[in-house]
Colleague: 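Let me give you the structure first, and then I'll get to my questions.
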Amino acid sequence: MTSRTPHLNQPPHPVAREAWDVHRLPSAEGKTFLVTGGNAGIGYFVAEQLAGTGATVVLGSRDRTKAAAAAAGIRSRVPDARVRHVPLDLADLASLPATVEALALDRLDAVVHNAGVALDDPPRRETADGHELMFGTNHLGHFALTRWLAPLLAAAPAARVVTVGSFAAKSERLDLNDLQSRADDYRPKRTYGRSKLAQMSFGFDLDRRLRALGSTVRSLVAHPGGALDSLTPSRPPVHVRTSGERLRGLPAGLLIQGKDAGAWPVVRAVLDPRAEGGQLWGPRVFGLRGLPRAEPVAGQMADAALAARLWEASCELTGTDPEAGFR
Ligand SMILES: NC(=O)c1ccc[n+]([C@@H]2O[C@H](COP(=O)([O-])OP(=O)(O)OC[C@H]3O[C@@H](n4cnc5c(N)ncnc54)[C@H](OP(=O)(O)O)[C@@H]3O)[C@@H](O)[C@H]2O)c1
C-alpha cells in the first residue's frame, strides 16, 4: 500500500535515481492527475498509487459501474483518497471534447495515457469512427485526447503527458501505408504491437514539439514490462485472485510481474522530479519485471522523421492537431 509518510532519515545516495522508493512516493497534494482506463488493470494500480500521494485522481472510464468499483477499491486502501470519475470512450473521437469539459478543471498536472485494447484473435474490428479498433483506440484516441487536454496541461506549472507503451512495440515496425491494418492481411498481435509503437513514437515526438514551442509541458513514455492478472494482488471489487490462480501464476513470476508492479514505471514517470521529457521508463530486469529505471530509446521509437509522418497522418485521421492546443 502506498504511504504519505515522507522519506525521513534516509542517507543521501550517490546515484540520485536509485533513491526512488515505489512504496514511499513523494507528496503530490494539490495536483490533479487523469488516468485513462483507471478502472482496471495497470491503470487501476497507477490510480491507487497516485491517490496515495494526496493528489486528486480522475479515472477516465467508459463504464460508470466499473469506475465506481475502482474508486471504492482505492478508498479501501487510501481512506482519504481524492478520486473521481469522468466518462471517457477513446474509441469515439467526437466524445472527447465533452470528456475534457466534464473534468471541470482549470489545470491538469498529468495525464496517463494508459487505456488500451489488445485483441488476441481475428476478426478485425473497427471503432465507431471506422478506424481499426486497436490503432483507433490506443493511438488515435489518445492523440486526439491530448489535443483537447492541451490547454489544461499548459495551465499547470510543469505538466506531464505519460504514454504507456509496451515491450511488444520493440519487435514491430510501423507501416505508414497500412496504419489501419487492412482486412486481407490482418494479424492482431502485429496490429497491437504497431499501435503501441505508434503511441510511443507519438510520446517522444510530442516532447520534441513541446520543447520547440517553449512549453513547460513534458511528454514521457513508460511501459509496464509483462504484467499478468494471476500475479496481481486482489483488489476487491475490481480484481479478485483465487489461491489457485496465484499458484498457477508462480512460474511466470520468475519472468514477469503483477499489474501493481507494472504501474511503477508509469507512476515514476508522473512523479519523479528527476524524470525528464523524452525519456522511456520501464522495469529493470530485462525490461520485463522489477523496479523502474530509464531505458535507452532505440529503433523506430527514436526515428523523428517517421514520427513526423505518423503525426501528420494522425492529424488527418482524427481531424485535429494536438500541437495546436499547446500554441
Ligand atoms: N498487461 C501487460 O502485460 C502489458 C504489457 C505492455 C503494455 N501494456 C499496456 O498497459 C496498458 C494497460 O494494460 P492492462 O493490462 O492493464 O489492460 P486491461 O486490464 O485490459 O485494462 C485496459 C483498460 O483500458 C480500458 N479501455 C479499453 N478500451 C477503452 C476505450 N475505448 N475507452 C476508454 N477506456 C478503454 C479498459 O476499460 P474497460 O474496463 O471498460 O474495458 C480498461 O480500463 C495498456 O495500454 C497496455 O497496452 C500492458
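As the structure lists them, so they are numbered: ligands from 1, and atoms in each ligand from 1.
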Colleague: Starting from atom 1 (N) of ligand 1, what is the nearest protein heavy atom, named by residue and atom, and what distance separates them?
Modeller: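 Its nearest protein heavy-atom neighbour is A227 O, 3.0 Å.
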Colleague: Answer yes if a protein heavy atom lies under 4.0 Å from atom 20 (O) of ligand 1, otherwise answer no.
Modeller: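 For atom 20 (O) of ligand 1 the answer is no, since every protein heavy atom stays at 4.0 Å or beyond.
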Colleague: Consider ligand 1: state whether an atom of it lies below 4.0 angstrom from any non-hydrogen atom of K196.
Modeller: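 Right, K196 reaches ligand 1.
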Colleague: F202: what forms a ring pair (Phe, Tyr, Trp, His ring centres under 6.0 Å) with it, not counting sequence neighbours?
Modeller: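 Per chain and number, F202 pairs via ring pair (Phe, Tyr, Trp, His ring centres under 6.0 Å) with F143, W311.
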Colleague: Decide whether the shortest distance between a heavy atom of V164 and an atom of ligand 1 is less than 4.0 Å.
Modeller: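 V164 counts as a contact of ligand 1 under the 4.0 Å cut-off.
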Colleague: Using the ring pair (Phe, Tyr, Trp, His ring centres under 6.0 Å) criterion, which residues pair with F33? Sequence neighbours excluded.
Modeller: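 Counting only residues at least two positions away or on another chain, F33 forms no ring pair (Phe, Tyr, Trp, His ring centres under 6.0 Å).
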Colleague: Who's the nearest protein heavy-atom neighbour of atom 6 (C) of ligand 1, and how far?
Modeller: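 Sorting protein heavy atoms by distance from atom 6 (C) of ligand 1 puts S166 OG, 3.2 Å first.
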Colleague: Does an N or O anywhere in F167 fall below 3.5 Å from an N or O of ligand 1?
Modeller: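 It does not: no N or O of F167 is found under 3.5 Å from an N or O of ligand 1.
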Colleague: Taking only heavy atoms of A91 into account, list the atoms of ligand 1 that are under 4.0 Å away from them.
Modeller: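 Those atoms are 31 (N).
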Colleague: Would you check whether G37 has a nitrogen or oxygen atom less than 3.5 angstrom from a nitrogen or oxygen atom of ligand 1?
Modeller: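 Among all N and O atoms of G37, at least one is under 3.5 Å from an N or O of ligand 1.
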Colleague: So does E295 pair up with K170, basic N to acidic O under 4.0 Å?
Modeller: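 Yes, this pair counts.
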Colleague: May I ask you to decide whether R173 forms a salt bridge with D175, counting only side-chain N to carboxylate O separations under 4.0 Å?
Modeller: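 D175 and R173: not salt-bridged.
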Colleague: What part of I42, side chain from CB on, backbone N/CA/C/O, both or neither, has a heavy atom under 4.0 Å from ligand 1?
Modeller: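 The answer is both, backbone and side chain.
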Colleague: Write out the residue and atom name of the closest protein heavy atom to atom 42 (C) of ligand 1, then the distance separating them to 0.1 Å.
Modeller: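 Here the nearest protein heavy atom works out to A40 CB, 4.0 Å.
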Colleague: Would you check if there is a donor-acceptor pair between the side chains of T146 and H113 at a distance under 3.5 Å?
Modeller: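 A pair is found: one side chain offers a donor N or O, the other an acceptor, under 3.5 Å apart.
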Colleague: L90 to ligand 1: N or O pair under 3.5 Å?
Modeller: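 Between L90 and ligand 1, an N or O pair is found under 3.5 Å apart.
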Colleague: Could you measure the distance from the CG atom of L255 to the CZ atom of R289? Nearest 0.5 Å is fine.
Modeller: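 Interatomic distance, L255 CG to R289 CZ, rounded to 0.5 Å: 8.0 Å.
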Colleague: Side chain, backbone, both or neither: which part of Y192 has a heavy atom under 4.0 Å from ligand 1?
Modeller: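 Just the side chain.
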Colleague: For atom 38 (P) of ligand 1, what is the nearest protein heavy atom, given as residue, atom name and distance?
Modeller: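 For atom 38 (P) of ligand 1, the nearest protein heavy atom is K66 NZ, 3.5 Å.
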Colleague: Verify the neighbour count for atom CZ of R309: are there more than 12 heavy atoms of other residues, nucleotides or ligands below 6.0 Å?
Modeller: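 No - once you tally the heavy atoms of other residues, nucleotides and ligands closer than 6.0 Å, there are 12 at most.
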